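Single-structure report; data block below.
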Amino acid sequence: MSAAPEAATRPLRPRPEEAARLAWVDVAKGLCIILVVMMHSTLGTGEVLGGEGFLHEVVEFARPFRIPDFFLLSGLFLGRVIDRDWRLFADRRVVHFAYFYGLWVVIQSLFKAGSIVAGAEGTAAQLAAFGWHLAEALVVPYSTLWFVYLLAVFSVVTKLLHRRVPPAVLLVAAAVLQILPTSGLPELLDEFCERYVYFLGGYLFAEWIFRLADRVRERAGLAVLGLALWAVAEAVFVYTPTGIESLPTLARLPVVSLGLGTVGALAIVTFAALMTRAGGPVTAALRACGERSIVIYLGFFLPMALTRTVIAKFNGVQPDLALDVGLASLVVTVVAVTVPLAVERLVRGTRLDFLFRRPAAFHIVPAPAAPSRLRPAPVAAREA
């Protein structure tokens, strides 16, 4: 553990020729964001249509590692800015996420305004109810945007503690928080306790994780075997019941869930490194999604909800041609992933560019040049 602080705080600024070596990060992000959208799309579609399909099994299999890996990947490059002055750090890791969180809270809330102000009589009461809802979102992460909110919180907490608390102590404390039952706490504290250890691990062990990806590409056969063994073990833990109502499978048990989240996150790193080595259109598609993962995350909710509603109405009108839950979930997932990417491309360089690119007025230091580690792309994900 003694080498962790040095490795974590060393600026990660690879030369242009190293860009291919680090492409796996975006491939991994792409896979994770698709799994996240799949989860929301599948569970929502199953609830609306009243059943389960084949994607429910995929969602359950990915449960232990889906979010842990996203946070681990988000912590990888924290070392580039954590020792900078607070002004620059806040711009890159707090204002950046706060801008998109605040903007998209308002956008999502406008689409859900009917339910938000339900019960309020008169324009004044409705405006007050809507304003109270927005104020509450400042302290209680709203809807699917909780992930963006927590990224800013995790970044600030880590900067405050990284030179004051020994890395080993901090990591153990974060692991203990993940293991403890925190479901009764306020949502923000609950999610913090459950997720922080993975973000911290990505920060502390960034250099080791990059070396792991390098070795995977060098020993692809052994890596494939390791992935196969992991998949079998994952399935055993995920699908073996415990008989405990609140912890229905082995994968939900304390300590076990921490282990599965950690190993699963490293499995995704391994998979992404192998995909980058293999290349091809699937890898390119995953990488494109990863480069714009925050675009997908911010924008998937509306096309997801609309597509789900259209399918439900179609099934009601045309029962003989009705889509089953599995196929419907797949369609909703594909639409929810691709539409935000299409919209971002359409608004890029227009007056609506602010939806996915933070305007200069919302920077407290000059915007950074596009980093050399990946292909330049004028979207929010470059700072994420």
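Everything quoted here is computed from the prediction, not taken from an experiment.
Taking the six-membered ring where tryptophan is involved, the planes of Trp230 and Phe61 are perpendicular, since the angle between them exceeds 60° and thus also 30°. Ring pair Tyr297/Phe70 is perpendicular by interplanar angle, where above 60° counts as perpendicular and below 30° as parallel. A tilted orientation is assigned to the rings of Phe147 and Phe71, their planes being inclined by 30° to 60°.
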Exercise for review: Check the pair Tyr149 / Leu188 against side-chain contact (heavy atoms from CB on, under 4.5 Å), numbers first and verdict last.
Suggested key: CA-CA 9 Å; Tyr149 190 110; Leu188 178 59; 3.6 Å; yes

Exercise for review: List the steps and the verdict of side-chain contact (heavy atoms from CB on, under 4.5 Å) for Val347 and Phe356.
Suggested key: CA-CA 9 Å; Val347 304; Phe356 302 107; 4.0 Å; yes

Review point. Should Arg66 and Cys32 be marked as a side-chain contact (heavy atoms from CB on, under 4.5 Å) after you check the CA-CA gap, both sets of side-chain angles, and the distance that decides it?
Key: CA-CA 6 Å; Arg66 177 175 50 233; Cys32 287; 5.9 Å; no

Practice item. May I have the step-by-step check of side-chain contact (heavy atoms from CB on, under 4.5 Å) for Tyr198 and Leu258, ending in yes or no? Key: CA-CA 9 Å; Tyr198 304 111; Leu258 175 59; 3.8 Å; yes

Practice item. For Ser109 and His133, run side chain to side chain donor-acceptor pair (under 3.5 Å): C-alpha distance rounded to whole Å, both residues' side-chain angles, the deciding distance at 0.1 Å, then the answer. Key: CA-CA 8 Å; Ser109 299; His133 160 78; 2.7 Å; yes

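At least one side-chain heavy atom of Ser115 sits under 4.5 Å from a side-chain heavy atom of Lys112. The side-chain heavy atoms of Thr262 and Leu72, taken from C-beta on, include no pair separated by under 4.5 Å. Between Thr249 and Pro241, the closest side-chain pair of non-hydrogen atoms is not below 4.5 Å. Leu49 has its side chain out of reach of Arg308: every pair of non-hydrogen atoms, C-beta onward, lies at least 4.5 Å apart. Within the 4.5 Å cutoff, the side chain of Arg87 has heavy atoms near those of the Ile364 side chain. For the pair Pro254/Gln178, no side-chain contact is recorded, criterion being any heavy-atom separation below 4.5 Å from C-beta on.
In terms of hydrophobic clustering, with Ile, Leu, Val, Met, Phe, Trp and Tyr side chains grouped at heavy-atom distances under 4.5 Å, Val176 and Leu253 are assigned to different clusters. Cluster membership for Leu171 and Leu160, using ILVMFWY side-chain heavy atoms within less than 4.5 angstrom, is shared. Hydrophobic clustering places Phe130 together with Val106 (ILVMFWY residues linked when any side-chain heavy atoms are closer than 4.5 Å, directly or through intermediates). When hydrophobic clusters are built by joining Ile, Leu, Val, Met, Phe, Trp and Tyr residues whose side-chain heavy atoms come closer than 4.5 Å, directly or via intermediates, Phe54 is grouped together with Met39. In the hydrophobic clustering of ILVMFWY residues, with side-chain heavy atoms under 4.5 Å counting as a link, Leu127 and Leu134 come out apart.
Here the straight-line distance linking atom CG of Leu180 with atom CG of Asp190 works out to 11.5 Å at 0.5 Å rounding. Here the CE-OG1 distance, from Met38 to Thr45, works out to 11.5 Å after rounding to the nearest 0.5 Å. The line from CD1 of Ile107 to CG of Leu302 is 10.0 Å long, rounded to the nearest 0.5 Å. Between atom CG of residue Leu31 and atom OG of residue Ser293 there is a gap of 12.0 Å, rounded to the nearest 0.5 Å. With rounding to the nearest 0.5 angstrom, the CG atom of Leu306 is 9.0 Å from the CZ atom of Phe301.
A salt bridge (Lys or Arg N to Asp or Glu O under 4.0 Å) with Arg252 is found for exactly one of Glu245, Glu60, Glu194, namely Glu60. If you run ring pair (Phe, Tyr, Trp, His ring centres under 6.0 Å) between Tyr99 and each of Phe354, Phe362, Trp104, only Phe362 comes through.
Across Phe210 and Leu76, no two heavy atoms sit closer than the pair CZ-CD1, 4.3 Å. The two residues Gly326 and Leu55 have their closest heavy-atom pair at O-CD1, 4.2 Å. Across all their heavy atoms, Leu341 and Cys289 have their closest contact at CD1-SG, 4.2 Å. In terms of heavy atoms, Arg217 sits closest to Ala273 at CG-O, 3.5 Å. Across every non-hydrogen atom of Ile82 and Thr158, the tightest pair is CD1-CG2, 3.8 Å. When every heavy atom of Leu170 is checked against every heavy atom of Val165, the shortest pair comes out as N-CG1, 3.9 Å.
A centroid separation of less than 6.0 Å is found between the aromatic rings of Phe199 and Phe154. Aromatic pair Tyr101/Phe97: centroids not less than 6.0 angstrom apart.
In terms of modelled atom types and a separation under 3.5 Å, the side chain of Thr283 and the main chain of Met275 share a donor-acceptor contact.
Lys159 and Asp83 are not joined by a salt bridge, as no carboxylate oxygen comes within less than 4.0 angstrom of a charged side-chain nitrogen.
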